[in-house]
Amino acid sequence: MILLVSNPTDILSLEVLLRCSACGLGREDVIACDDKTLFDSASLALRMDRTGTEGSLTILDRRLAFDELEGVLYRPGRWWWPGEGFDIQDQMFVYHETMASWFAILSALPCRVVNRFGLSWWLQDLNYPRQLAVGLAEALDLPARISAPAGECAVGRIVPSGPPPSGSEWMYFAGRRVIPGAQCTEALVEHAEARGYAVDAWQEETGLSVVRADFTGGEHPALRYVEGFPLLEGEPPEVIAELGDAVIELLLEKRRAGV
Amino acid sequence: MILVLGSSRDKVYPRLMAELEKSGHDYAIVDEDCAAGYSIEEEFSQPAEAWRVRGGGCTGQRPVGSIFVRHAVARTLNPEVVGPMSRLQVQLNRMLLGSPCPVINPPAHAFSNYSKPYQLSLLARAGFDVPKTLVTNDPAEALQFYEECRGKVIFKGASNVMSFAQAWKAEHFERLRLLPYCPVQFQEFVEGVDYRVHVVGEETFVTRLAAANEDYRRSALADQEEILAEPASLPATVLKRCVEFTASLGLVVGGLDFKETSSGRLAALELNPYPQFTFYEGRSGQPITRAVVEYLARNQIADTNVYA
C-alpha cells in the first residue's frame, strides 16, 4: 500500500500517481489525499513501550497497520490550521498536538517516507535550509555559498523556493540517482555521482531522499541552496519523468526487494 | 569570554548571573527581551565567516569562547514584541550554526521534545524503560488502552506546549467524544517516586521529588503547593545512559524525568533540553548552576569566530 499526501495539483505526486498504475498497483493499493484530509479526518493510533512501536491509521475509511504501508510520499500544502470552532489559544494547541503526533507517526513508520523531514522543518526553523546546504556541501566536498532563491522564509515560514536564480546550475538527488536539471554540466553531475556514498549518508541523516541542489555556475562551483520540497515548475518533461521514476522506485523498494 | 543569550525575565537568569559573577570569568549578555537594541553582523571577509554581536554590553570586539543559550519566550502575540525578538533569535541561531564555540544547548539540537512520543521512542531505543504509551484521536483505541492498563492511565499533550499530566478519572469518559478533534498521549500510570536527573556534560545531579499531584509541576506551578526536592542517587548504569543519551542528541545539558515504582522499576518519561534547573537547585541545594558555569569556563575555545 502506498500513501500519497499532497495537493491535488502537485507535479511530482501526479507523476508518481501515473506510475502507480504502470507498476501494476490498483486503486486498492494507493491512498491519495491532501494534508487537510489527513489532519482533519484520519484516525491514528501509535502504541509504544520499551520493546518498540506499532500502530495503525484509518484514512478515507481504510484502516492500515503501520507495516502494511510500503511507502509514503509526503508533500503537504502546509496551510492546514484547526477549525474555527476553537478559540485562538485552542487552535494553536490543537495545531501543535496534531503536528507532534503526525511527526511521531511518520518517524515510526517502517517504510520509506519521501521526505521524512526533520523537526526543524516541522517547526519552521528558518535556519533549516542553511543547515541542509552546509551538510550537503560537506558531503559533496564543495564549498557552500549560501543564498536563498526568492520566497524562502516568507512570513516566518519555510516555503518551497521558486526556480534557481539565473546563472545557477542545478540537479536533483533522488535516492541513488543524480538527475541533472535544465542547466547542469556533465562535470558537476560526475562529481556528485562520485560522492554518492557521502550523499547517501547525508540523506540517511536528514531523512531527505529527494532534493534539488542549486550551485553557482562556472569553473569552481559552490553549493548555493538545497530545496527539500522541489516544486518542479518549469522543468522539462524528461526531468519530471525521471524524478517520477526515481520516486516510485523508492516507494516500492521494499516490494522489489521482496520484503 | 562567555556569552549568554536569553531573557532577563527568565527564572534561571538571576542565578546564572550570580554564579558567573562569582566565577570571576568575563561574560557578556544578550537580553532578548530588549531585542531592538542588538545587531548581529555576519562578516564574510575572513577565511571563515565571523559574527559580531553589538548592543547592551556587547561591543563586537571581545572574542567569545563559549555560549549559553536559553532563548526568551514572547508571552504575547504583539508583533512589535514578537517581530524583533524572532528576527534576533533567527540571526543568533544562524551564528550558533556557524560557530565552533561550545554551546549549552544548541537550539538546532533541542527540538526532540517538541514531539513527546517521538522522544519517548528515542529513549526506548537508548535502552531506557518507558511507560506503555498510546497516541490517538480515536475514542475506541483510547478505551481499549484504558482496559489494558486496568484503568490506571494518565493523559497529557503530545507536543511541548505546556500541559499537565492528569489521571484519567470517571469524569473524563464523557470527554472522549472530543478526541477526534485533537490527538492525545495516554500512558500507563507509573505509580512511584519522581526523579529528575540533570546532566551537565559528564556530570549528573539526581533529585528526588515528592508532591501531592501526579504531575509535581502542577503542585508547584498551578496549585502553588510546596514540593519536596532532595539530593538522591540512581544506579551508575542509569546515570551513564543519561549522559550518553544527552550527548547523542547533541546536547550538553539535559533534564531527564523518571518514575520509580516500589518494585524498583525505573521508567523514563522525557528529556527537557532547556531544563529550569534553578527550580530544583533552589529546593535541593545541588550546585547545578555552578556546574553549568564551570563547563562553560572550562571548555572555552581560543580559535573563535564570534565577537561580542
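Every chain is numbered from 1, with letters handed out A, B, ... down the list of sequences. Owing to the predicted nature of the structure, the values given are computational and were not obtained by experimental measurement. The analysis underlying the following values was restricted to heavy atoms, covering all of them including side chains, and did not include hydrogens, waters or symmetry mates.
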What part of [X] gets closer than 4.5 Å to chain A, counting heavy atoms only: side chain, backbone, both or neither?
| X | result |
| --- | --- |
| Pro131(B) | backbone |
| Thr133(B) | both |
| Phe186(B) | neither |
| Leu120(B) | both |

State, with a plain yes or no, whether a side-chain heavy atom of Met99(A) is found less than 4.5 Å away from one of Ser159(B).
no

Inspect the surroundings of [atom1] in [X] and state if more than 12 heavy atoms from other residues, nucleotides or ligands are less than 6.0 Å away.
| X | atom1 | result |
| --- | --- | --- |
| Asp61(A) | CG | no |
| Tyr181(B) | OH | no |
| Met92(A) | CE | no |
| Asp303(B) | CG | no |
| Glu28(A) | CD | yes |
| Arg265(B) | CZ | yes |

Pairs meeting criterion salt bridge (Lys or Arg N to Asp or Glu O under 4.0 Å) with involvement of residues 132-152 of chain B, two or more places apart
Arg47(A)-Glu141(B), Arg47(A)-Glu148(B), Arg63(A)-Glu141(B), Lys132(B)-Glu148(B), Lys152(B)-Glu191(B)

Of all heavy-atom pairs between [X] and [Y], which one has the smallest distance, and what is that distance?
| X | Y | result |
| --- | --- | --- |
| Glu97(A) | Cys182(B) | CB-SG, 3.5 Å |
| Asn137(B) | Ala42(A) | ND2-O, 3.0 Å |
| Thr53(A) | Ser121(B) | CG2-CB, 4.3 Å |
| Ala100(A) | Ser115(B) | O-OG, 2.8 Å |
| Arg50(A) | Val130(B) | N-CG2, 3.8 Å |

Straight-line distance of [X] [atom1] to [Y] [atom2], nearest 0.5 Å:
| X | Y | atom1 | atom2 | result |
| --- | --- | --- | --- | --- |
| Arg125(B) | Met48(A) | CZ | CE | 9.5 Å |
| Trp122(A) | Tyr118(B) | CH2 | OH | 12.5 Å |
| Thr136(B) | Leu46(A) | OG1 | CG | 9.0 Å |
| Gln91(B) | Asn127(A) | CD | CG | 9.5 Å |

Against chain B, label [X] side chain, backbone, both or neither, depending on which of its atoms sit under 4.5 Å from a heavy atom there.
| X | answer |
| --- | --- |
| Thr98(A) | both |
| Ser41(A) | neither |
| Phe86(A) | side chain |
| Ala108(A) | neither |

Choice from [options] maximising heavy atom contacts with chain A below 4.5 Å:
| options | value |
| --- | --- |
| Val90(B), Val135(B), Leu134(B) | Val135(B) |
| Asn160(B), Asn93(B), Leu179(B), Leu123(B) | Asn93(B) |
| Ser86(B), Ala124(B), Gly157(B) | Gly157(B) |
| Val184(B), Val161(B), Leu77(B) | Val161(B) |

For the interface with chain B, which of Asp125(A), Asp40(A), Asp49(A), Leu119(A) has the highest count of heavy-atom pairs at distances below 4.5 Å?
Leu119(A)

Considering only heavy atoms and a distance below 4.5 Å, find which of Thr51(A), Asp90(A), Leu123(A) pairs most often with chain B.
Leu123(A)

For chain A, find its close neighbours in residues 97-108 of chain B: heavy-atom separation under 4.5 Å, sorted by number, or none.
Leu97(B), Ala108(B)

